[in-house]
2 protein chains.
Amino acid sequence: MKPEYELRLVTKAAHLYWVEQVRQVDIAARLSLSQAGVSRLLRRAQKEGIVSISIKPPEGTYHLLEEELASKLGLDEVVVTSCPDNSDNAIVSSIGEAAAQYLASTLRESDRVGISSWSSALVALSEHLPAKGQIKAERVVQLMGGMSHDRAEHLAENLTLQLANRLAARPAFMHVAGIASTSDARKVFCEEPYVRETMALFDDLTVALVGIGTLAPSQFLARSGNAFSDEELAELAGCGAVGDVCLRFFDANGQAVSHALDERVVAISAPSLKKVPRVVGVAGGHQKVASIRAAALGGWIQVLITDCFTAEALAEKASL
Amino acid sequence: MKPEYELRLVTKAAHLYWVEQVRQVDIAARLSLSQAGVSRLLRRAQKEGIVSISIKPPEGTYHLLEEELASKLGLDEVVVTSCPDNSDNAIVSSIGEAAAQYLASTLRESDRVGISSWSSALVALSEHLPAKGQIKAERVVQLMGGMSHDRAEHLAENLTLQLANRLAARPAFMHVAGIASTSDARKVFCEEPYVRETMALFDDLTVALVGIGTLAPSQFLARSGNAFSDEELAELAGCGAVGDVCLRFFDANGQAVSHALDERVVAISAPSLKKVPRVVGVAGGHQKVASIRAAALGGWIQVLITDCFTAEALAEKASL
DNA sequence: TCAGTTAATGAATAAATATTCATAGCGAGG
DNA sequence: CCTCGCTATGAATATTTATTCATTAACTGA
């Protein structure tokens with residue numbers, strides 16, 4: 001058959017199928033060939049680029065950026081939220097809400113959820129979950145100690161509790177400070193029955209919700225009074241550390257930085273954290289770009305929820 | 001659920017499905033919903049115009065023009081061929097070839113094919129059919145008399161014979177002139193056994209291949225010596241006739257023009273012609289635009305095969 | 001608060017599409 | 001002229017997608 005007429009058939013079939021929405025059997029009848037033949041014509045039309053299918057993302061969605069980040073950072077999924085401006089307030093609120101949506105649509109009743117604390121984004125997440133519990137989980141497990149020693153904020157416990165309530169899940173608390181004064185003190189903490197019980201759940205989690213920290217303690221964290229000192233931070237920086245997840249620090253490529261301070265942290269261990277099937281990092285802000293990138297590259301998180309400004313910066317940085 | 005996140009899901013599903021070619025079940029798994037849900041998201045994506053599918057016709061194909069003509073002229077199918085220039089030679093050759101392709105891909109072995117003659121495009125059609133007969137028909141039936149009275153060309157018979165040979169079909173000839181000198185003479189012709197036999201087949205055709213004539217006899221037709229005189233043509237024109245199929249004349253809207261000359265034509269009758277399920281008109285050239293349009297509007301043909309220049313002119317005319 | 005209505009959901013099923021397989025035509029090389 | 005391998009084809013089948021249906025959740029107006 002003349003190639004020109006063949007092309008005409010391909011084009012016609014493509015038009016009928018994709019534009020006029022005609023079924024393949026009907027096209028087959030009209031073109032006097034079998035349905036299998038039409039299927040083949042259509043495959044050819046795709047291969048030869050006669051049809052082009054394009055997705056135009058609605059305002060406020062960023063699927064290309066998400067794809068790009070997921071592939072460049074080796075993540076399973078990236079959610080990029082639109083955000084009115086790049087202030088920390090706006091970012092925290094928008095990614096918190098998105099994270100809530102993400103949880104709402106992916107959480108199963110059988111999930112055992114770990115939660116790191118000291119993150120305003122995670123607080124926002126919890127607050128955006130519907131209070132009426134149609135979204136459920138089995139357990140909500142606090143991943144790091146968080147009790148403030150000089151204020152009665154009990155922030156980490158509060159967050160864990162609130163999340164557990166909203167998810168109609170049984171909570172597991174740490175009830176101790178996240179940073180012990182010495183490694184021996186940490187050992188003592190870990191011997192506490194509460195803590196042992198909770199830590200026993202770490203290897204059985206299905207999801208973890210974590211913030212991603214930078215070396216400079218966030219205002220939030222500083223206010224809690226529960227952070228490393230400037231000297232300690234400087235020492236970590238000297239070892240190449242750029243950020244942390246649950247106070248487990250890593251360098252710019254995500255490689256774990258081992259350091260004596262590690263021994264004072266009362267939290268899920270790096271190996272246990274890496275064994276959690278789905279770690280969801282919720283973070284945004286220009287000061288966090290480097291640590292987010294590192295957390296992703298190092299495999300500390302599988303899912304990233306961030307805002308469009310941070311996402312842009314990450315994409316730019318990743319493409320260098 | 002927040003409409004923004006919902007949109008994100010729709011977009012994501014659309015991207016995965018149409019760009020990444022992921023199966024709905026796999027998308028469902030990734031998005032944590034059922035396959036039915038994905039199907040619904042995708043439907044929404046189409047409805048809301050998030051996906052746009054466009055067909056870009058390869059060089060030399062004219063599917064939009066074909067669609068337009070088919071709908072405006074009320075035809076089942078239109079084939080528009082590309083054509084190097086708008087000379088009659090180029091047109092006849094290209095539409096002849098296209099018509100051959102069309103026949104090749106739509107003719108069944110059980111088809112009974114009528115053929116009008118006196119048309120250079122039909123000659124080209126026949127010549128472009130592969131001589132080795134993989135395309136077959138049951139019968140090839142001459143629809144009009146065509147024997148020249150002063151030259152031994154036997155053109156119509158030749159065409160019928162050639163077509164029958166190429167289609168491995170049994171031919172049925174008229175063996176008389178297409179225009180009798182008087183209506184009585186026509187009656188005598190029609191009593192001829194040959195003619196009666198052939199005409200008996202007219203009501204049982206499945207396809208007819210016809211040229212479309214203008215009032216000014218074509219050079220081809222004039223040379224055959226078998227045409228109406230200038231006075232007769234003027235008379236027809238006076239009745240509003242603009243063209244003919246098988247010497248059955250019609251006006252600009254395709255309404256049959258009845259006239260005494262009708263009684264002298266030895267050919268398939270207008271009613272019989274209109275009963276043929278699929279009449280394929282093969283014609284092109286700027287002088288034929290009006291008669292092609294009329295033939296289509298009057299329901300004389302169901303399929304039109306023409307060139308891109310004529311098609312453009314038809315589309316322009318039809319949109320007025 | 002509660003019945004009545006509407007909308008959303010996924011399992012089951014129906015419909016549509018892709019693939020497999022057996023067959024037939026065609027060209028190249030004996 | 002024949003045989004081999006290649007391609008093209010449609011019937012049968014497997015896979016994938018759309019729809020139906022029953023259930024549940026959410027919303028509305030007493």
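Order of the sequence lines fixes the chain letters, A, B, ..., with proteins taken first and strands second; residue numbering starts at 1 for each chain.
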Expressed as a whole number of angstroms, how long is the span from [X]:[atom1] to [N]:[atom2]?
| X | N | atom1 | atom2 | answer |
| --- | --- | --- | --- | --- |
| A:Arg108 | C:dG10 | CZ | P | 8 Å |
| A:Leu41 | D:dG10 | CG | C1' | 13 Å |
| A:Leu42 | D:dT16 | CG | P | 18 Å |
| A:Leu9 | D:dA8 | CG | P | 14 Å |
| A:Arg44 | D:dT7 | CZ | P | 14 Å |
| B:Glu6 | C:dA8 | CD | C1' | 10 Å |
| B:Gln21 | D:dT17 | CD | P | 10 Å |

Does any N or O donor sit under 3.5 Å from an N or O acceptor when you compare the side chain of B:Gln24 with the base of D:dA18?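 There is none.
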
Using only heavy-atom distances, decide whether a donor-acceptor pair under 3.5 angstrom links the side-chain of A:Gln35 to the base of C:dA18.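 Answer yes: a donor N or O sits under 3.5 Å from an acceptor.
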
Among the nucleotides D:dG10, C:dG10, D:dT17, which one has an atom lying closest to any side-chain atom of B:Tyr17?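 Ranking D:dG10, C:dG10, D:dT17 by closest atom to the B:Tyr17 side chain puts D:dT17 first.
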
Side chain of A:Leu33: nearest nucleotide among D:dG10, C:dA16, D:dT16? D:dG10

Donor-acceptor check, side chain of [X] to backbone of [Y], threshold 3.5 angstrom: yes or no?
| X | Y | answer |
| --- | --- | --- |
| A:Arg139 | A:Asp111 | no |
| A:Asp307 | A:Phe309 | yes |
| A:Glu66 | A:Val80 | yes |
| A:Arg112 | A:Asp204 | yes |

Between A:Arg40 and A:Val25, who's closer to the 5' end of DNA chain C by nearest nucleotide? A:Val25

